[in-house]
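Since we're looking at a predicted model, the values are computed, not measured. The residues of the chain are indexed from 1 along the displayed sequence.
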Amino acid sequence: MTKPLVDVSRDFPILNRTINGHRLVWLDSAATSQKPTAVLKAVERYYEESNANVLRSVHTLASEATEEFNAARAKVAGFIGANRPEEVIFTRGTTEGLNLVARGFGDQVVHGGDEIVLSPMEHHSNLIPWQQLARRQGATLRYIQLAPDGTISLEALEQAITPKTRIVALSRISNVLGTINPIREAADLVHRHGGYLIVDGAQSVPHEPTRVEELGADFLAFSGHKMCAPTGIGALWGKHALLDQMEPVIFGGEMISYVDREEATWAEIPAKFEGGTPNIAGAIGLGAAVDYLNQVGMEAIFEHSRSLGEKAFQVLQGIDGVSVYGPASPHAGAVAFNIDGIHPHDVAQVFDAQGVAIRAGHHCAQPLMQWLGVGSTARASFYLYNGDEDIERLKEAILETKRYFRR
Ligand code: PMP
């Protein structure tokens, strides 16, 4: 029996809600996670006691806010095993981080005739910035061939990554299939050819212990809101030397060293990439989320997400008329499925009537839907506050949906 890893009713008040007469079952954490009280309190306390702009004024509140903001950066750096806090750039989330790299770094290293390697399972935010870069520079996009079960083999990596590859952009964990991609192997290959690896960690950083050096990435982007932090905050980690080399993309206050009427020079990293007033409360909330996740333990969270994902896969596969996508294992948190003859949006609607929240649609991964040969899917995703009981509710919801549509 797998129980939630935390005291759900104490830590996640929102999960005490009743939806349409049923206890809310939150199976949409891959879209966004719920936020523990510790995070909500940290944000509230900041606004109640220390609210001020950071890195500017010398008064007491400004020093407190700056200290907390810097402490949050150090916590995030520690969480992913970064060597130095300044390698962590605060962003709005994964999308902004990947766009920053494609613009500020991609334009420097990718030129006409070069190749950018992607996988067909990428989220649009790890796809479109590279399409745009390829168009700007006259480069070619190449796609890693997926195995029939949706995984990426070493042979497929070897076929896709060549001496022409300048950038490989790959998600560590798929937001649709929950599969785990061989990032270390991709890093070794692309580095051998003198290229760079950019990792979309939107689904992996919340679910598995992350050590950037072991991962082998040159850049890693992720979002706070999928790891118990508020929306509007995320981080881009990059190797120090590459961030030094990378051009800023957002110009304005706080990112400069010197400005005259004609020219400007840039501040050191991370400030160089953080023009304008940052999301201070969000960063502090992210710091609190990191503390919370560390307390639970990332190893335990990984085992938990994986065990629930794989159990759900088995249960769904055992229901007549249900198609489940991807391999039986691994499923780190997310499982995509369809019920024969019923549109996923209708599935999600009937689920909602039973208090079960899932996502239906293309999951911002249309090329993956094309590869699967479907327009859309339903998706159940799990996190530290879910347990076996929620899988039971998922199963009941499917049976009820089938009865409702007489399938
Ligand atoms: N990549 C993946 C794999 C994701 O799951 C998501 C969020 N669904 C993103 C990128 C984009 O994250 P955000 O919307 O927080 O920028």
Where at least one partner belongs to [range], residue pairs that pass salt bridge (Lys or Arg N to Asp or Glu O under 4.0 Å), sequence neighbours excluded:
{"range": "residues 173-187", "answer": "Arg184-Asp188"}
{"range": "residues 143-152", "answer": "none"}
{"range": "residues 222-234", "answer": "none"}
{"range": "residues 283-303", "answer": "Lys75-Asp291"}

Check: Phe382 ring centroid to His304 ring centroid under 6.0 Å: no
Pair Phe90 + Phe273: ring centers closer than 6.0 Å: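 Centroid distance Phe90-Phe273: not below 6.0 Å, so no.
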If you measure only the distance, is there a donor-acceptor pair under 3.5 Å linking the side chains of [X] and [Y]?
{"X": "Asp218", "Y": "His191", "result": "yes"}
{"X": "Gln132", "Y": "Asn99", "result": "no"}
{"X": "Glu96", "Y": "Thr91", "result": "no"}
{"X": "Asn70", "Y": "Arg73", "result": "no"}
{"X": "Ser29", "Y": "Tyr385", "result": "yes"}

Please set out all donor-acceptor pairs under 3.5 angstrom arising from side-chain atoms of residues 193-205, sequence neighbours excluded.
| from | atom 1 | to | atom 2 | distance (Å) |
| --- | --- | --- | --- | --- |
| Asp200 | OD1 | Ala202 | N | 2.9 |
| Gln203 | NE2 | Ala30 | O | 3.0 |

Heavy atoms of other groups near [X] [atom1], more than 12 under 6.0 Å:
{"X": "Lys311", "atom1": "NZ", "answer": "yes"}
{"X": "Arg17", "atom1": "CZ", "answer": "no"}
{"X": "Glu67", "atom1": "CD", "answer": "no"}
{"X": "Gln349", "atom1": "CD", "answer": "no"}
{"X": "Arg393", "atom1": "CZ", "answer": "yes"}

Those residues that, when tested against Glu122, pass side chain to side chain donor-acceptor pair (under 3.5 Å) (two or more places apart):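 Checked Glu122 against side chain to side chain donor-acceptor pair (under 3.5 Å); matches are Ser119, Asn126, Ser171.
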Parallel, tilted or perpendicular: rings of Tyr292 and Phe12 (30°, 60°): perpendicular
Test item: Ile167 and Thr165 side chains (from C-beta on) under 4.5 Å apart, heavy atoms: no
Qualifying residue for side chain to side chain contact (heavy atoms under 4.5 Å, CB included) with Phe219, from Leu242, Ile89, Leu100: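 Answer after filtering Leu242, Ile89, Leu100: Leu242.
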Reference residue Leu98; test side chain to side chain contact (heavy atoms under 4.5 Å, CB included); the match among Val101, Thr94, Thr95: Thr94
All N/O donor-acceptor pairs, side-chain side in residues 135-143, below 3.5 Å, sequence neighbours left out:
| from | atom 1 | to | atom 2 | distance (Å) |
| --- | --- | --- | --- | --- |
| Arg136 | NE | Asp107 | OD1 | 3.1 |
| Arg136 | NE | Asp107 | OD2 | 3.1 |
| Arg136 | NH2 | Asp107 | OD2 | 3.1 |
| Gln137 | NE2 | Asp107 | OD1 | 2.7 |
| Arg142 | NH1 | Glu115 | OE1 | 3.4 |
| Arg142 | NH2 | Gln159 | O | 3.2 |

Criterion salt bridge (charged side-chain N to carboxylate O under 4.0 Å, His left out) on Arg172 and Glu208, from CA distance to verdict: CA-CA 10 Å; Arg172 167 67 172 167; Glu208 69 170 358; 2.7 Å; yes
Atom pair CD (Glu87) and CD1 (Ile80), whose distance is rounded to the nearest 0.5 Å: 8.0 Å
Gap separating the CG atom of Leu384 from the SG atom of Cys228, nearest 0.5 angstrom: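 Those atoms lie 5.5 Å apart.
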With His343 via ring pair (Phe, Tyr, Trp, His ring centres under 6.0 Å) - residues at least two apart: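 His343 satisfies ring pair (Phe, Tyr, Trp, His ring centres under 6.0 Å) with His345 once adjacent residues are dropped.
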side-chain hydrogen bond (donor to acceptor under 3.5 Å, both in side chains) contacts touching residues 395-406 (sequence neighbours left out): Glu400-Arg403
Pro367: partners by side-chain contact (heavy atoms from CB on, under 4.5 Å), with sequence neighbours left out: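 Pro367 satisfies side-chain contact (heavy atoms from CB on, under 4.5 Å) with His124, Leu127, Gln370 only.
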Listed pairs under 3.5 Å, donor-acceptor, residues 324-338 side chains, sequence neighbours left out:
| from | atom 1 | to | atom 2 | distance (Å) |
| --- | --- | --- | --- | --- |
| Tyr325 | OH | Asn338 | ND2 | 3.0 |
| Ser329 | OG | Arg306 | NH2 | 3.0 |
| Ser329 | OG | Glu310 | OE2 | 3.3 |
| His331 | ND1 | Leu177 | O | 2.6 |
| His331 | ND1 | Ala334 | O | 3.1 |
| His331 | NE2 | Pro327 | O | 2.4 |
| Asn338 | ND2 | Ser376 | O | 3.0 |

Salt-bridge contact Glu213-Arg211 (side-chain N to carboxylate O under 4.0 Å): no
Let me check something: any side-chain donor-acceptor pairs from residues 247-271 under 3.5 Å, sequence neighbours excluded? List them with distances.
| from | atom 1 | to | atom 2 | distance (Å) |
| --- | --- | --- | --- | --- |
| Asp260 | OD1 | Glu262 | N | 2.9 |
| Asp260 | OD1 | Glu263 | N | 2.7 |
| Thr265 | OG1 | Tyr258 | N | 3.2 |

